[in-house]
Amino acid sequence: MIELHRLKDAGAQRSAWRSSLASLAQACADDQPSPLDGLAPKPIAESLRSALALGFVDDLGWLSPSASAAALYEIAAALPAGAEKREVGRRVLQRLLEGDAATFIALATRMALGSGKGLGGDGVRARVALVMALPARLGVRADSLALALVSRRELARAWVGASALESLPDRRLA
């Protein structure tokens, strides 16, 4: 990922981008720390700028929606503040709000395990309530999201503690 902007061959750039995204997606699927943790943010931003210019960020159909969304979230988390972070953040938010249940769970879980930002608001609360109510036979497992929400003190307080004394639907979600 950090060498993408230095590569001159378009095929090598595409290969490096796809390999990097696949590694990030695999780390997310295995609940491992991001491979981008501890790397300098400036080369990541330069490489992402190249990926955006070449259209690689728009061509993610080769990965599942949930894997690509989680990988984009990890890239956004590693970027310094700036235009690239806003652009990737916008794409992540779009996937969070418009993606299928598996994509929503993957992103919301990564967000809960990370900063916890972006998990507020009525729309997200409604989607969390929906995925928690899905029957297990559908194959969409929300247990990782539930564990992530209760494993961090401030999120547990907001999602469980505060809701435990509210209306019946809020208590059910809690």
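Among all heavy-atom pairs drawn from Thr109 and Ser144, the shortest one is OG1-OG, 3.6 Å. The two residues Arg95 and Ser68 have their closest heavy-atom pair at NE-OG, 4.1 Å. When all heavy atoms of Ala27 and Pro33 are compared, the pair lying nearest together is CB-O, 3.9 Å. Among all heavy-atom pairs drawn from Val92 and Ala69, the shortest one is CG2-O, 4.4 Å. The two residues His5 and Ser50 come nearest to each other via the heavy atoms CB-OG, 3.3 Å. Closest of all the heavy-atom pairs between Pro41 and Ala78 is CB-O, 3.4 Å.
Summarising the geometry, atom CZ belonging to Phe104 is positioned 6.5 Å from atom CG belonging to Leu145; distances are rounded to the nearest 0.5 Å. Once rounded to the nearest 0.5 Å, the distance linking OG of Ser23 with CD of Gln32 reads 10.5 Å. For the atom pair CZ of Arg110 and CG of Leu96, the computed distance is 14.0 Å after rounding to the nearest 0.5 Å. Expressed to the nearest 0.5 Å, how far CZ of Arg91 lies from CD of Gln94 amounts to 8.5 Å. Here the straight-line distance linking atom CD of Glu84 with atom CG of Leu52 works out to 7.0 Å at 0.5 Å rounding. Taken to the nearest 0.5 Å, the OG atom of Ser66 stands 8.5 Å off from the CG atom of Leu107.
At a threshold of 4.0 Å, the pair Asp122-Arg127 does not count as salt-bridged, since none of the basic side-chain nitrogens sits closer than that to a carboxylate oxygen. The pair Arg6-Glu3 meets the salt-bridge criterion, with a side-chain N (NZ, NE, NH1 or NH2) lying under 4.0 Å from an Asp/Glu carboxylate O. With respect to Glu87 and Arg90, a salt bridge is recorded, a charged nitrogen being found less than 4.0 Å from a carboxylate O.
The closest side-chain heavy-atom distance from Leu4 to Leu48 is not below 4.5 Å. In this structure, Arg152 and Leu113 have side chains that are not in contact, with every pair of non-hydrogen atoms separated by 4.5 Å or more. Taking 4.5 Å as the limit, every side-chain heavy atom of Leu24 sits out of range of all side-chain heavy atoms of Tyr73. Residues Leu155 and Val150 form no side-chain contact, since every pair of their non-hydrogen atoms from C-beta on lies 4.5 Å or further apart. Contact annotation: the side chain of Ile75 never approaches that of Val57 to less than 4.5 Å [non-hydrogen atoms, C-beta and beyond]. Between Leu54 and Arg14 there is no side-chain heavy-atom pair separated by less than 4.5 Å. Looking at heavy atoms from C-beta onward, Phe56 lies out of side-chain contact with Leu21 at the 4.5 angstrom threshold.
Val124 and Leu72 fall within the same hydrophobic cluster, where Ile, Leu, Val, Met, Phe, Trp and Tyr residues are linked whenever their side-chain heavy atoms come under 4.5 Å apart, directly or through other members. Leu119 and Leu130 are assigned to two separate hydrophobic clusters, defined by single-linkage of ILVMFWY side chains at heavy-atom distances under 4.5 Å. Linking ILVMFWY residues whenever their side-chain heavy atoms come closer than 4.5 Å, directly or via other members, places Leu63 and Ile105 in the same cluster. Hydrophobic clustering (ILVMFWY, side-chain heavy atoms < 4.5 Å, transitive): Met132 and Leu134 are in one cluster.
For the residue pair Asp30/Gln26, the side-chain donor-acceptor check at 3.5 Å is satisfied.
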Checking Trp17 against Asp59 for the side-chain contact (heavy atoms from CB on, under 4.5 Å) test, could you report, in this order, the C-alpha distance in whole Å, the side-chain angles of both residues, the deciding distance, and whether it holds? CA-CA 11 Å; Trp17 170 255; Asp59 179 29; over 6 Å; no

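Checked by atom type and distance alone, the side chain of Ser19 never pairs as donor or acceptor with a backbone atom of Ser15 at under 3.5 Å. At least one donor-acceptor pair under 3.5 Å links the side chain of Ser151 to the backbone N or O of Ala148. Checking side-chain atoms of Lys85 against main-chain N and O of Ala76 turns up a donor-acceptor pair under 3.5 Å.
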